[in-house]
Amino acid sequence: MTNLPMLGCTDVAKSFHGRTVLRHMTLSVQPGRVYALLGRNGAGKSTTLRILLGLLEPDAGEVYLLGRPFERAALGDVGATIDGPALYGHLSATENLRVHALLTGTSGERVAAVLRQVGLDGLPHQRVSTFSTGMKGRLALAIALLTDPPVVILDEPQNGLDPDGIIQLRTMIRSLAAEGRTVLVSSHQLAEVTQFADDVGILANGALVFEATTGSLTDNLEAVYLDAVQRGVA
Ligand SMILES: Nc1ncnc2c1ncn2[C@@H]1O[C@H](COP(=O)(O)OP(=O)(O)OP(=O)(O)O)[C@@H](O)[C@H]1O
């Protein structure tokens, strides 16, 4: 039972109402690295993330977290943005984070730090119901980082962010890895992921059809992606 991935799965299968989404999904995210999971709409990226987070039960296969077979108790060490967290629209970002800090037993001192980290520190009173999509995305990220988790899972975090936000997110993801965290990001932003990811994987036809370190990519990721999804579908 050595060398199990910090975060990952082996031979995971998942069908919904008789329709197979994942066939033989195997993924391994190594400690301190940023892994970008790519794939077409409906390829099964979010399904994979939900299975890794124990939100969905796989039909077959193994799931690993913190270098061990998946256990729900280990989820306290994972911060994730998926499906959007429950946000209290009538409260400010700070108040929302204070509620989450209370619920997770996290020190209130983290609230100001994560607000700064996601660039929401200048809005002490604005109600979250008036936030734009990108601002809500930033708050979701702040909630994910609140407990200072060693493993971070982000589902399409660039969605709704303005160019400044995308650049800040890139820097933030790199700093999470520099601090030794393990990060899995699903994304459609091919050019962007080459800026922040150490590893890229492409999901098509229910399995990973391509995987490489970003540094080893000699071809343009766009060409690699188009070729991989076409091969996956064939
Ligand atoms: N709970 C569910 N019940 C039925 N079908 C589902 C369920 N969850 C996902 N699916 C289906 O599984 C497939 C994969 O969905 P998933 O959300 O994992 O794709 P994705 O790669 O994240 O797509 P996108 O890039 O559009 O977010 C889709 O066809 C979706 O309709």
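In each ligand, atom 1 is the first atom listed, and ligand 1 is the first ligand listed.
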Just to be sure I understand the cut-off, which residues have at least one non-hydrogen atom under 4.0 angstrom from an atom of ligand 1?
F16, H17, R19, V21, R40, N41, G42, A43, G44, K45, S46, T47, E156, H188
Between the side chains of E192 and S187, does any donor sit under 3.5 Å from an acceptor?
no
May I ask you to test the R110-D148 pair for a side-chain heavy-atom distance under 4.5 Å?
yes
Mind checking what makes salt bridge (charged side-chain N to carboxylate O under 4.0 Å, His left out) contact with D199, not counting sequence neighbours?
R33
Can you name the salt bridge (charged side-chain N to carboxylate O under 4.0 Å, His left out) partners of R127, sequence neighbours left out?
none
Residues clustering with L103 (ILVMFWY side chains joined when closer than 4.5 Å, directly or via others):
Y88, L91, V99
Would you kindly confirm whether L97 and V152 end up in one hydrophobic cluster when ILVMFWY residues are joined by side chain heavy atoms under 4.5 Å apart?
yes
